[in-house]
Amino acid sequence: MSAVAKAMSKFRLAVVQLHVTSVKADNLRRARGLVKEAAGRGSQLVLLPECFNSPYGTSFFSQYAERIPGESTQLLSETAKENQVYLVGGSIPEEDGGKLYNSCTVFGPDGELLLKHRKIHLFDIDVPGKIRFQESETLSPGDRLSTFQTRTFCKVGVGICYDMRFAELAQLYSRSGCQLLVYPGAFNMTTGPAHWELLQRARALDNQLYVATASPARDETSSYVAWGHSSVVNPWGDVISKAGAEEAVIYADVDLQYLADIRQQIPVTTQRRDDLYAVTSLQGAAS
């Protein structure tokens with residue numbers, strides 16, 4: 001491989017673990033500043049957390065909801081363009097046609113909107129004595145798979161939080177050519193320590209690709225306490241970058257040649273028994 005080709009096979013990814021407050025303007029201002037910080041350290045793709053502009057909770061979604069385009073997405077567009085980065089804008093509560101969605105927007109280095117992913121799988125769980133949460137009390141689910149193609153490095157698949165639990169979604173993204181999956185998410189103090197890292201490593205290992213997750217920073221005073229520990233996992237299943245509980249920006253160099261080497265060494269993508277089983281999409285991926 002030539003030196004130029006080798007250089008193009010790598011890019012720097014940043015994950016912003018933002019301390020989200022009840023003041024939207026402060027959240028937007030700090031997000032903008034941290035994206036600028038990440039770009040200044042060479043990041044070409046930056047990921048923000050789920051509900052980066054508002055507290056997470058069914059009682060907050062309608063209060064903080066915006067149409068798209070709107071205040072928060074305008075800031076994301078400007079920030080992406082100012083810093084010449086691909087910006088995965090975590091998620092925000094979106095209002096459209098009288099319904100609310102948990103939506104992630106992605107902007108290119110020119111500030112143009114590349115896609116909008118509405119959370120497909122709503123977070124409805126009930127763990128007796130620990131946590132009950134029902135997103136479906138206020139939110140509606142999305143109905144499209146979402147991928148985007150960068151100009152020079154790779155195709156990226158997008159999910160939000162609970163979407164990560166569904167292996168089929170990651171498999172479909174991988175089979176469509178994605179080499180990186182990004183999941184803004186806000187696991188809690190029950191599911192976080194048990195499943196957060198495990199699910200990331202499983203999705204990365206099963207599909208031999210990179211997985212990045214962005215959580216809000218932990219705030220013990222909030223009604224919903226996020227686990228934190230935003231991470232990046234490589235195709236071998238190793239955690240190569242990881243935050244603690246506090247606000248932070250973490251970095252990882254995504255090496256697509258390493259990904260190709262792993263797929264050659266353990267060629268599960270060519271060893272599938274398509275004559276015996278299949279995972280198929282009933283709709284095309286939005287891109």
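Numbering starts at 1 and runs along the sequence shown.
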Quiz prompt | Side chain to side chain, Tyr173 and Asn207, heavy atoms closer than 4.5 Å | solution = no
Practice problem: Using side-chain contact (heavy atoms from CB on, under 4.5 Å) as the criterion, point out the one residue from Asp163, Thr58, Asn188, Leu139 that pairs with Phe123. | Solution: Asn188
Quiz item: Are His229 and Glu197 close enough that some pair of their side-chain heavy atoms sits under 4.5 Å apart?
Solution: no
Quiz item: Would Asp26 and Thr21 count as having a side-chain donor-acceptor pair, cut-off 3.5 Å?
Solution: no
Exercise. Please tell me if the side chains of Tyr258 and Pro235 come closer than 4.5 Å, counting only heavy atoms from C-beta onward.
Key: yes
Practice problem: Would you name the heavy atoms of Trp196 and Gly228 that are closest together and state the gap between them? | Solution: NE1-O, 3.3 Å
Quiz item: Okay, side chain of Ser43, backbone of Ala38: is any donor-acceptor separation there less than 3.5 Å?
Solution: yes
Self-check item: Check against side chain to side chain contact (heavy atoms under 4.5 Å, CB included), Cys154 and Phe11
Solution: CA-CA 10 Å; Cys154 74; Phe11 67 95; 4.0 Å; yes
Practice problem: Determine whether the side chains of Ser103 and Glu94 contain a donor N or O and an acceptor N or O closer than 3.5 Å. | Solution: yes
Quiz item: Taking NZ, NE, NH1 and NH2 as the nitrogens, is one of them in Asp206 or Arg203 under 4.0 Å from a carboxylate oxygen of the other?
Solution: yes
Self-check item: Within residues 230-240 or reaching into it, pairs that qualify as side-chain hydrogen bond (donor to acceptor under 3.5 Å, both in side chains) - sequence neighbours excluded
Solution: Gln17-Ser230
Quiz prompt | Steps toward ring pair (Phe, Tyr, Trp, His ring centres under 6.0 Å) verdict (Tyr86, Phe153) | solution = CA-CA 11 Å; Tyr86 288 93; Phe153 30 98; 5.7 Å; yes
Quiz item: Are any side-chain N or O atoms of Thr147 and backbone N or O atoms of Val156, one a donor and one an acceptor, separated by less than 3.5 Å?
Solution: no
Practice problem: Using distance alone, with no hydrogens and no angle criterion, decide if Asn102 and Glu50 have a side-chain donor and acceptor under 3.5 Å apart. | Solution: yes
Practice problem: Please confirm whether the backbone N or O of Pro69 pairs with a side-chain atom of Thr73, one donor and one acceptor, at under 3.5 Å? | Solution: no
Self-check item: With sequence neighbours excluded, residues passing ring pair (Phe, Tyr, Trp, His ring centres under 6.0 Å) with Tyr210
Solution: none
Exercise. Give me the ring orientation class for Phe133 and Tyr56: parallel if the planes are under 30° apart, tilted from 30 to 60°, perpendicular past 60°.
Key: parallel
Quiz prompt | SB check Lys36 Glu82 (cutoff 4.0 Å) | solution = no
Exercise. Kindly compute the distance separating CD (Glu112) from OG (Ser77), expressed to the nearest 0.5 Å.
Key: 6.5 Å
